[in-house]
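Proteins come first, then strands; the chains are lettered A, B, ... in the order of their sequence lines, and each starts at number 1.
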Number of protein chains: 2
Amino acid sequence: MGVVVNLEGGKRDAASIKPLIDLTAKDMGRVNELILSKAGSDVEMIPEVANHLISSGGKRLRPMLTLAAAQMFGYSGDGHVKLATSVEFMHTATLLHDDVVDESDLRRGRKTARMIWGNQASVLVGDFLLGQAFRMMVEVGSLDALDILSSAASIIAEGEVMQLSAAKNLETTEDEHFAVIKAKTAALFSAAAEVGPVIAGVSRNDRAALRSYGMNLGLAFQLIDDALDYGGNSTDLGKNVGDDFREGKVTLPVILAYRRGSPAERDFWKAAIEDNGTDDAALEKAIGLMTRHGAISDTVGRARHFGEIARDALAPLPATPQKAALIEVIEFCISRAV
Amino acid sequence: MGVVVNLEGGKRDAASIKPLIDLTAKDMGRVNELILSKAGSDVEMIPEVANHLISSGGKRLRPMLTLAAAQMFGYSGDGHVKLATSVEFMHTATLLHDDVVDESDLRRGRKTARMIWGNQASVLVGDFLLGQAFRMMVEVGSLDALDILSSAASIIAEGEVMQLSAAKNLETTEDEHFAVIKAKTAALFSAAAEVGPVIAGVSRNDRAALRSYGMNLGLAFQLIDDALDYGGNSTDLGKNVGDDFREGKVTLPVILAYRRGSPAERDFWKAAIEDNGTDDAALEKAIGLMTRHGAISDTVGRARHFGEIARDALAPLPATPQKAALIEVIEFCISRAV
């Protein structure tokens, strides 16, 4: 409560993603080459669809986590590049399938693949990328890394189904909601970070530290994403304020405003979320109610809580540029969506 | 040409799947237990959707191939049960996604999952089953088996996209069509058979034999499936004669009838396949044209060609009950769809 956070997309001097980008720049060059090569196929539609999404300007935070997490333990092979690419492919496959599930028209400010090539292509190219992701993991040959990433694949899908089952349910508790975002978003952050120390062959404690860091960073990341949907800047987001509202998504700002609202306010939320009463006037009212009840600032507060756990997860590790960059990214994610 | 094949679903004394079923019955009991346990989740919708398809009475030919192929080389662990279950999950995931892609209403005579739970659940539960399949493979711990099955996952998706790209294209050549069914159907048969000798740790030649057997059996299987759509018995198929026609699918009987047809006949096919002119009268005419041009019997002839290659692939292997059962299954698949 009362946390003042800049939601307008302005940069804080204190928190930047730049150190992480700089440290991983060389390896990310190899990841980007591998992405292009492994998204290739004689079946023309596959690279077309894949590159549409891949080139659309996501910041590739997840593969950078894998690279930095391997570097910080002195890993010197090239397995981290393949695993980082696998992680990005798993993420891209999820986005392709998500857009079909959510019937989304826009992603990062561009038409979704399903709007251009149809739901069919989005489903199948997603399947292809997932298959390619597993092939690359197999090439690396670490059964531990395979275990972590294949488990994440199941958990992500489970989280998506959980979200589907809970769709438009305003009675969702905050705990239930955390379980959903832990599975659908944070599990991949966690796996992406954990496979770094795993292929570097370091101790269980170091693995656990990175796993916990990734999980809590992922939770914070998703909560900020949800907060920004009710107050961010559409240029930064690649989506417009109110997209989640118009899709009737029950995110944490909605859950808090609903639980804290009067009976009349709850009727408003029911009309909006359950009965699609989500025009511009309703959006304005929704943001007003959230502001009155501190729902957005408290969502950011919850994100900050998870961010602090992520920071402490790394505390016992020796000081390295990678550790500093990963810690700075926490604040970067909280002060604005990546 | 002129091959007379019983398409009415009657059993030939000479070819049965029973020996394969009997040899794998005990192991299949364990596969079925594992299917139920690994399709389980606290997220209720997952086992509901998965069990709808899993319980709908497919013959589970693919996992039986894995089991028999491991048994014939004296494999004594339990890895083959896990790999067989992985294979069945990969198949089930493909069916769930296929029904979304094809907008199918019925599968094996029952409503498709997407008609009951929606496209969303079908996409996501498919993803979940694929994730679970990879987790089981990782448990087995054979990187070679992982390589074979993850490659198959990519190839299957690639084949599905290829099919989508070629959809309603009557100019598709027979070779192009074989490339599609090789990827979308035969690759999984091939992988299912090859992982048996792989976990049994036998020679490259034995692996190659089973791989080739599975690939060619899969091609024959798919071609017969396509032939039956224009002359089978709907009780056996779990689909009605003409389903492919009504969906405008360009299968081999259509390709042959179109290529061999007069200009007027080609106009009929264009109206039917490209412009959805697929009412009952058109179906009757289509079957008449196919019969006149030998398109159905020659599709069966092509299947027999692949069946013979499958049989010869196993020829060098020592005589075992498993080898005999796998050979008999070829004729079983050709004389009626499994």
Side-chain angles (χ1 to χ4, degrees), chain A residues 38 41-46 49 90 93-94 96-98 100-103 117-139 141-167 179 183, chain B residues 38 41-46 49 90 93-94 96-98 100-103 117-139 141-167 179 183:
Chain A
K38 296 290 180 178
S41 165
D42 292 339
V43 185
E44 278 176 33
M45 199 190 276
I46 291 180
V49 175
M90 286 175 66
T94 305
L96 281 166
H97 287 184
D98 267 5
V100 173
V101 168
D102 293 344
E103 302 178 347
W117 292 277
N119 281 339
Q120 290 103 325
S122 294
V123 171
L124 297 175
V125 175
D127 289 350
F128 175 75
L129 293 177
L130 207 55
Q132 293 293 79
F134 280 104
R135 288 172 87 166
M136 280 185 278
M137 292 173 216
V138 173
E139 279 177 29
S142 159
L143 284 168
D144 281 343
L146 272 158
D147 181 30
I148 290 164
L149 288 166
S150 62
S151 298
S154 283
I155 291 167
I156 292 164
E158 211 167 15
E160 302 272 359
V161 179
M162 225 188 289
Q163 186 175 41
L164 186 64
S165 306
Chain B
K38 296 290 180 180
S41 165
D42 292 339
V43 185
E44 278 176 33
M45 198 190 274
I46 291 179
V49 175
M90 285 174 68
T94 305
L96 281 166
H97 288 184
D98 267 4
V100 173
V101 168
D102 294 342
E103 301 177 350
W117 291 277
N119 281 339
Q120 290 103 326
S122 294
V123 170
L124 298 174
V125 175
D127 290 350
F128 175 75
L129 293 178
L130 207 56
Q132 293 292 79
F134 280 103
R135 288 173 86 166
M136 280 185 279
M137 293 172 213
V138 173
E139 280 178 29
S142 159
L143 284 169
D144 281 343
L146 271 159
D147 181 29
I148 291 164
L149 288 167
S150 62
S151 298
S154 283
I155 291 167
I156 293 165
E158 211 167 13
E160 302 272 359
V161 180
M162 227 188 287
Q163 186 175 42
L164 186 64
S165 306

*Go through the atoms of B:L130 and report whether side chain, backbone, both or neither lie under 4.5 Å from a heavy atom of chain A.*
side chain
*Residues two or more places apart in sequence or in another chain: which of them pass side-chain contact (heavy atoms from CB on, under 4.5 Å) with A:S151?*
A:D147, B:R135
Which one, [options], leads in non-hydrogen pairs under 4.5 Å with chain A?
{"options": "B:L129, B:T94, B:N119, B:L164", "result": "B:L164"}
{"options": "B:A121, B:G131, B:A153, B:S165", "result": "B:G131"}
{"options": "B:G141, B:A157, B:S154", "result": "B:S154"}
{"options": "B:I46, B:D42, B:D102", "result": "B:I46"}
{"options": "B:I155, B:I156, B:L146, B:D127", "result": "B:D127"}
{"options": "B:V138, B:D98, B:V49", "result": "B:V138"}

If you round to the nearest 0.5 Å, how far is [atom2] of [Y] from [atom1] of [X]?
{"X": "B:E160", "Y": "A:Q120", "atom1": "CD", "atom2": "CD", "result": "11.0 Å"}
{"X": "A:L96", "Y": "A:W117", "atom1": "CG", "atom2": "CH2", "result": "9.5 Å"}
{"X": "A:M136", "Y": "A:M90", "atom1": "CE", "atom2": "CE", "result": "11.0 Å"}

*Any idea which heavy atoms bring B:A183 and B:G159 closest together, and the distance?*
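Answer, listing the atom of B:A183 first, then B:G159: CB-CA, 3.5 Å.
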*If you tally heavy-atom pairs under 4.5 Å against chain B, which of A:L143, A:V125, A:V100 wins?*
A:L143
*What part of A:L149 lies closer than 4.5 angstrom to a heavy atom of chain B: side chain, backbone, both or neither?*
neither
*State which residues pass salt bridge (charged side-chain N to carboxylate O under 4.0 Å, His left out) with A:E139; sequence neighbours excluded, sorted by chain then number.*
A:K38, A:K82
*Parallel, tilted or perpendicular: which describes the rings of B:F134 and A:F134, with under 30° parallel and over 60° perpendicular?*
parallel
